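Data first, discussion second: the structure below is written as structure tokens.
Counting starts at 1 for both ligands and their atoms, following the listed order. Sequential numbering from 1 along the given sequence is applied to the chain's residues. Keep in mind that what you see is a predicted model, and the values were worked out from it rather than measured.
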Amino acid sequence: MTPDFAPASDAALPLWLVWAGDPLPDDAGGWPAACGFAGKAGQICLLPDAEGGLRGALMGLGSRTDAARDRFPLARAHALPQGDWRLAALPDGLDPDRLALGWLLGQYRFTRYKGAPSQGPRLVCPEGVDAARLRAIAGGEFLTRDLINTPASDLGPDRLEAAARALANDLGARIEVICGAQLLKQNFPLIHAVGRASAIEPRLIDIRLGDSGPMLTIVGKGVCFDTGGLNLKPGASMGLMKKDMGGAATALGLLSMLARSGDAAGLRLRVLIPAVENSVAGNAFRPGDILSSRKGLSVEVNNTDAEGRLVLADAMTYAAEEEPDLMITLATLTGAARVALGPDLPPLYCDDDATATAIQDAGMAVGDPLWRMPFWDGYEPQIEPGIADLDNAPAGGMAGSITAALFLRRFAQGAGRYAHLDIYGWQPVAAPGRPKGGVGQGARAILAALPQILVR
Ligand code: BES
Ligand code: MN
Ligand code: ZN
């Protein structure tokens with residue numbers, strides 16, 4: 001599904017966005033009040049013409065003090081009747097880009113297994129907005145959502161590779177994949193150990209775009225299904241684990257945004273995805289196993305359900321060998337991140353204050369919020385078990401998102417700067433512009449921060 005605007009036309013009906021309590025357009029007369037229109041967020045009042053036809057509509061924005069509740073207010077306008085619409089005016093205090101992007105994001109439907117719904121209303125791109133750029137951004141986000149929503153039965157490591165190949169081909173990017181026993185030969189022992197119990201071979205997907213300029217490497221967690229392994233998750237916790245490749249899906253969506261918006265120009269981009277299924281079989285890795293990593297650090301597996309940090313560790317080591325200017329991990333890494341900040345606000349970790357601030361500020365500005373949490377050195381002893389260099393699952397589980405981030409940081413040396421996003425990748429309850437289901441987190445923040453964080 002491709003996000004798009006309606007072609008500009010005089011026939012498009014005007015839509016007025018109105019803050020609660022503000023004066024209404026003069027010619028609306030007493031009709032809105034008679035209909036009970038109060039400007040509540042998303043409240044729509046259709047305006048009839050003299051012949052009983054439709055001549056336009058009002059939609060409420062709610063009160064200005066509540067505006068921060070709504071990331072994408074214009075997405076609510078998808079409740080308008082079918083037909084072409086245009087914004088009659090830009091409301092004060094709202095960013096036209098954010099409004100228009102919200103409209104595009106609100107078009108998303110996951111249609112793979114169920115026919116597409118009937119055509120809804122269309123919107124002419126508001127003036128002063130770069131429609132092509134917003135299409136690139138929304139298109140990348142739709143790719144992310146489609147990948148997350150596709151169940152493991154149709155998106156195992158092999159099919160995730162196929163999706164990455166299709167994207168790389170479309171973008172003219174180079175792609176290499178290291179698969180199965182080759183992972184052992186080429187020294188990716190952790191990726192192999194986590195993925196070897198699956199009927200579908202584990203693999204490392206490696207995409208590159210551009211060959212000069214500062215280098216950005218994104219590593220996305222691609223656990224296509226997370227049963228927990230021998231430390232099996234209970235049913236209720238396993239239910240959503242098709243989304244455990246949300247980091248990979250967000251990395252691919254970001255690559256698509258960067259390439260199609262033109263923002264990739266003058267950069268060396270690399271996307272690395274360890275793609276595995278954390279499964280149960282006789283050859284599964286076990287609690288207590290001590291594994292050696294690509295970096296040479298030994299890891300005691302104290303919980304096979306802390307698999308994400310294991311596969312990321314080898315991919316990060318590989319990434320860091322090339323010394324990128326900036327490395328970013330995107331991963332549905334811990335339940336603890338949800339306990340701390342909930343599904344909407346992923347933790348962002350970065351030791352470089354300027355980079356952290358730039359990403360967080362950009363995220364707030366574009367409706368892709370993140371919240372900074374610390375790589376707290378004081379908790380380092382928790383990931384050191386004594387019997388090996390590292391423990392993948394500290395007992396007690398306190399500060400679980402931080403200790404997972406500290407584990408990853410051990411594998412980032414070599415990269416100029418390192419940032420980690422512990423994302424959720426799922427919208428549990430539909431919100432404007434974000435239907436229930438898979439959702440990208442962090443990609444638009446990184447895209448918007450790019451001019452600050454990688455100087456070309
Ligand atoms: N994929 C999960 C984390 C997760 C769970 C993300 C639920 C979003 C929602 C990850 O592999 C995991 O199972 N982490 C464990 C780590 C623990 C065993 C140290 C967790 O968070 O419980
Ligand atoms: Mn797990
Ligand atoms: Zn996982």
Can you sort out which atoms of ligand 1 are near [X], meaning under 4.0 Å from one of its heavy atoms?
| X | result |
| --- | --- |
| Met241 | 1 (N), 5 (C), 7 (C), 9 (C) |
| Lys243 | 8 (C), 9 (C) |
| Lys221 | 1 (N), 10 (C), 11 (O) |
| Thr332 | 1 (N), 2 (C), 3 (C), 6 (C) |
| Glu307 | 11 (O) |
| Arg309 | 16 (C), 19 (C) |

Can you check whether [X] has an N/O within less than 3.5 Å of an N/O in ligand 1?
| X | result |
| --- | --- |
| Ala306 | no |
| Thr334 | no |
| Asp226 | yes |
| Asp305 | yes |

message = Measuring only between side-chain heavy atoms, which start at C-beta, is Ile205 closer than 4.5 Å to Ile175?
response = yes

message = A side-chain contact here means heavy atoms from C-beta on lying under 4.5 Å apart; do Tyr418 and Thr329 qualify?
response =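 They are in contact (side-chain heavy atoms under 4.5 Å apart), so the answer is yes.
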
Protein heavy atom at shortest distance from [atom]:
| atom | result |
| --- | --- |
| atom 3 (C) of ligand 1 | Leu333 O, 3.5 Å |
| atom 20 (C) of ligand 1 | Gly335 N, 3.8 Å |
| atom 18 (C) of ligand 1 | Asn303 ND2, 3.4 Å |

task = Examine ligand 1 and decide if any of its atoms is less than 4.0 Å from a heavy atom belonging to Met238.
result = no

request  = Look at the aromatic rings of His420 and Tyr349 and report parallel, tilted or perpendicular, splitting at 30° and 60°.
outcome  = parallel

inquiry  = Students often mix this up, so state it plainly: with edges at 30° and 60°, are the rings of Tyr318 and Phe188 parallel, tilted or perpendicular?
reply    =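 Correct class here is perpendicular.
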
task = Could you tell me the angle subtended at the Zn ion (ligand 3) by NZ of Lys221 and OD2 of Asp226, rounded to 10°?
result =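 Lys221 NZ and Asp226 OD2 form an angle of 180° at the Zn ion (ligand 3).
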
ask   = What do you reckon, are the aromatic ring centroids of Phe407 and Phe411 less than 6.0 Å apart?
value =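 Yes, ring centres under 6.0 Å apart.
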
request  = Working to the nearest 0.5 Å, report the span between CD1 of Ile446 and CG of Leu454.
outcome  =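 Ile446 CD1 to Leu454 CG: 10.5 Å, rounded to 0.5 Å.
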
